[in-house]
Amino acid sequence: MQGSRSWDVFCRVIDNFGDAAVCWRLAQRLVAGNHAATRLWIDNLTALYALRPEIAIDQSKQSLAGVEICHWTADADFGTPADIVVDAFGCDLPDEYAQAMAARSPKSLWVVLEYLSAEPWVASHHGLPSPHPCLAVDRYFFFPGFGPATGGLPREPDLARRREEYLRHPAMREALWREAGFSLPDREAMQITLFGYENPAVAELLDAWAAGAAPVVVAVPRSRVSRHVATFFGAADPANGKALRRGGLEARFLPFLSQDRYDELLWGADWNFVRGEDSFVRAQWAERPFVWHVYPQAQGAHFAKLDAFLDLYCTGLPDTLTGPLRRLWRGWNDPARVGSGDLAGAWAELSGHGPDLCEHAHHWALKTAAAGDLAANLVKFCESRLK
Ligand code: TRH
């Protein structure tokens with residue numbers, strides 16, 4: 001990547017951490033890969049602080065990793081709009097700022113960064129113009145995605161190297177666990193990470209793990225699912241650093257980790273349960289079997305996203321693994337399936353196939369990464385529109 005355009009990335013945190021996570025990764029990559037002057041306008045510094053504890057939540061402006069982080073408040077002074085403006089997830093740019101984009105010479109380029117979906121319509125909508133109803137400014141849709149006809153996924157160029165280094169050095173793993181208040185799990189235990197939303201299926205899955213022949217250590221960084229895990233053990237929401245046990249299962253309650261530490265947790269696990277958008281992508285780069293808790297939407301619209309992803313992901317997997325993998329993901333996401341036995345049955349069919357599933361996850365990551373890093377693709381796209 002090269003270029004000297006200035007960038008403003010606007011992020012409104014709707015809920016949780018995904019909006020902040022995606023925008024932060026993008027802003028960081030624009031600076032690191034493109035040496036571009038980049039401001040991240042974000043309305044909720046607390047969400048960003050959870051991911052990057054170095055930031056100060058009471059500062060209206062601060063710099064981290066070369067990104068100027070600006071608190072987007074009602075009375076924020078935006079100054080001159082940047083050459084390229086990213087409106088993340090259609091976050092509704094302030095009127096006066098949008099007018100200044102159109103009044104500027106040359107005009108700013110406006111890009112609406114959309115949510116990630118594997119649905120087939122994404123490729124035909126990626127890059128389409130999105131004319132503004134009243135302002136004379138060029139605006140385009142930019143869709144992340146899983147193929148070369150999409151904007152790709154966020155992926156740092158040194159990710160594979162950092163992952164390999166982490167996996168080669170047990171001391172790094174030990175440090176991660178120690179920081180979280182634990183020693184390294186026993187070698188023979190299956191390691192699972194669990195991040196999700198509230199989920200009535202939790203008890204069924206934990207039951208299967210507790211009753212299994214092999215010991216399981218499940219790492220539960222603090223999230224909306226933590227309380228449900230504790231309830232399974234008959235406990236109230238436990239403190240960070242506490243472990244609860246039943247049968248062969250040990251649940252370890254971790255603090256919410258910084259983004260880099262969370263990546264390490266995913267890399268070192270045998271299975272990862274993730275959610276939303278950004279952890280879903282990180283689990284794919286971890287090259288381990290995983291289960292996605294898709295962000296629930298009205299009228300079950302999220303099931304189309306789930307199925308579309310599985311259609312792509314399961315290509316090349318033998319039927320003997322595709323069937324149980326689909327049942328596992330469905331069982332985890334669909335409250336109507338709770339009590340059907342699907343989850344426990346699917347887990348029993350899959351848990352002995354870790355190496356095959358890892359191999360598949362590795363090929364999937366290679367294929368998916370070939371679509372290029374989202375930030376690099378976005379830079380190219382904008383340069384071609386600005387010519
Ligand atoms: O938090 P999420 O559910 O985020 C979202 C939001 O709900 C958002 O509104 C929606 O639009 C989007 O999903 C699709 O899940 P996500 O996207 O996985 O973001 C979580 C981030 O938190 C991700 O960057 C990983 C990070 N994380 C840590 O840094 N430390 C941790 O300990 C954990 C568990 C996660």
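Read the numbers this way: they start at 1 and go in the same order the structure lists the ligands and their atoms.
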Solution key, residues 341-355 side-chain donor-acceptor pairs under 3.5 Å, sequence neighbours excluded:
| residue | atom | partner | partner atom | Å |
| --- | --- | --- | --- | --- |
| D342 | OD2 | R337 | NE | 3.2 |
| D342 | OD2 | R337 | NH2 | 2.9 |
| E349 | OE1 | R327 | NH2 | 3.4 |
| E349 | OE2 | R327 | NH2 | 2.6 |
| S351 | OG | W347 | O | 3.1 |
| H353 | ND1 | D356 | OD2 | 3.2 |

Original post:
For the residue pair G127 and Y140, what are the closest heavy atoms and their distance?
Top reply: O-CD2, 3.5 Å
Subject >> Under 4.0 Å from ligand 1, counting heavy atoms only: the protein residues, by chain and number >> reply: D15, N16, F17, G18, D19, A21, L51, Y115, F195, Y197, P221, F256, L257, S258, Q259, Y262, R275, G276, E277, D278, S279, Y295
Subject >> Stepwise salt bridge (charged side-chain N to carboxylate O under 4.0 Å, His left out) check, D278 with R25 >> reply: CA-CA 9 Å; D278 191 58; R25 285 196 200 283; 2.9 Å; yes
**OP:** Can you run down the ring pair (Phe, Tyr, Trp, His ring centres under 6.0 Å) pairs that involve residues 89-110, sequence neighbours left out, and say none if there aren't any?
**Re:** F10-Y97, F78-Y97, F89-Y115, W110-H132
Original post:
Among pairs that include at least one residue of residues 190-209, which meet salt bridge (Lys or Arg N to Asp or Glu O under 4.0 Å), considering only residues two or more places apart or in two chains?
Top reply: E198-R224, D207-R246
Original post:
Has K242 got more than 12 heavy atoms of other residues, nucleotides or ligands less than 6.0 Å from its NZ?
Top reply: no
